[in-house]
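These notes are about the structure you will find just below.
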Amino acid sequence: MITLTLLHPLQSIPVQNWTFASESVIRIGRSTENNVILYSAVVSRHHVELRRHGDEWEVVSLGANGTYLEGKRITQAPVVDGMIIRLASSGPQIQIRMGATESKSKQNTVAGKQSSPKTEGQSKDKDTFIDPSLYEGEDTSQSKEKLLNKL
């Protein structure tokens with residue numbers, strides 16, 4: 001099992017979780033064809049893939065704006081439990097956790113709203129709108145309201 005957690009850009013707290021039990025490839029990007037969809041101008045349609053090889057996983061960057069690990073651009077890297085990747089140099093951060101998750105009640109939470117646990121092939125909340133002003137240091141009061149209205 002692998003869990004991906006979108007982190008808040010300013011506070012590094014969880015915003016949304018996705019848990020996958022049996023997939024061998026997990027795709028992240030703007031395209032609706034991905035397992036995890038992030039609507040952000042800096043995220044490519046097909047930005048990054050997580051690929052399973054036996055019991056091990058690797059991150060493979062596909063996006064034009066790159067994928068970063070500890071501030072360094074990577075093309076691929078082995079997944080280490082708890083690692084945080086950033087999509088583009090100023091884009092969203094995703095933490096990767098391996099193995100069992102904390103509890104079902106904490107999964108799939110978006111801005112305090114609880115959604116039903118996902119099962120393979122059924123994903124109602126895989127789309128996440130990323131407010132660009134959170135990354136650009138602009139006044140976010142209107143943008144936060146728009147984001148909450150979308151949820």
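Keep in mind the model is a prediction, meaning the values are calculated, not measured.
- Of all the heavy atoms in S44 and G63, the pair that sits closest is OG-CA, 3.3 Å.
- Counting heavy atoms from C-beta on, the side chains of L4 and V36 come closer than 4.5 Å.
- One finds the CZ atom of R30 at 8.5 Å from the OG atom of S40 (value rounded to the nearest 0.5 Å).
- Of the possible donor and acceptor atoms, one in the side chain of R86 sits under 3.5 Å from a partner among the backbone N and O of G91.
- Atoms CG and CG, from L87 and L38 in turn, are 6.5 Å apart once rounded to the nearest 0.5 Å.
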> How far apart are the C-alpha atoms of I2 and T19, what are their side-chain angles, what is the distance that settles it, and do they pass the side chain to side chain contact (heavy atoms under 4.5 Å, CB included) test?
Replying inline: CA-CA 6 Å; I2 188 167; T19 299; over 6 Å; no

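- Between I37 and T32 the shortest side-chain heavy-atom distance falls below 4.5 Å.
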> Hey, mind stepping through V59 and Q76 against side chain to side chain contact (heavy atoms under 4.5 Å, CB included) and telling me if it holds?
Replying inline: CA-CA 5 Å; V59 176; Q76 65 183 52; over 6 Å; no

Using residues 64-74 as the side-chain source, report each donor-acceptor pair under 3.5 Å to any protein atom, sequence neighbours left out, with the distance given to one decimal.
unit_1, atom_1, unit_2, atom_2, d
N65, ND2, V42, O, 2.9
T67, OG1, S61, OG, 3.0
R73, NH2, A64, O, 3.2

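- Residue pairs meeting the salt bridge (Lys or Arg N to Asp or Glu O under 4.0 Å) criterion with at least one partner in residues 36-55, sequence neighbours excluded, are R27-E49, E49-R51.
- Using a 4.5 Å cut-off on side-chain heavy atoms (C-beta onward), L7 and I13 make no contact.
- Checked by atom type and distance alone, the side chain of S31 pairs as donor or acceptor with a backbone atom of E33 at under 3.5 Å.
- Side-chain contact check for I26 versus W57: some heavy-atom pair is nearer than 4.5 Å.
- To the nearest 0.5 Å, atom CZ of residue R97 and atom OG1 of residue T3 are 9.0 Å apart.
- N35 is not listed as a side-chain neighbour of I28, based on a closest heavy-atom distance of 4.5 Å or more.
- H53 contributes no side-chain N or O that, together with a main-chain N or O of E56, makes up a donor-acceptor pair within less than 3.5 Å.
- Contact annotation: the side chain of L6 approaches that of P92 to within less than 4.5 Å [non-hydrogen atoms, C-beta and beyond].
- Between M1 atom CE and E23 atom CD the span is 10.5 Å, to the nearest 0.5 Å.
- Between I94 and T5 the shortest side-chain heavy-atom distance does not fall below 4.5 Å.
- Between D81 and M83 the shortest side-chain heavy-atom distance does not fall below 4.5 Å.
- Of all the heavy atoms in L62 and H46, the pair that sits closest is CB-O, 3.3 Å.
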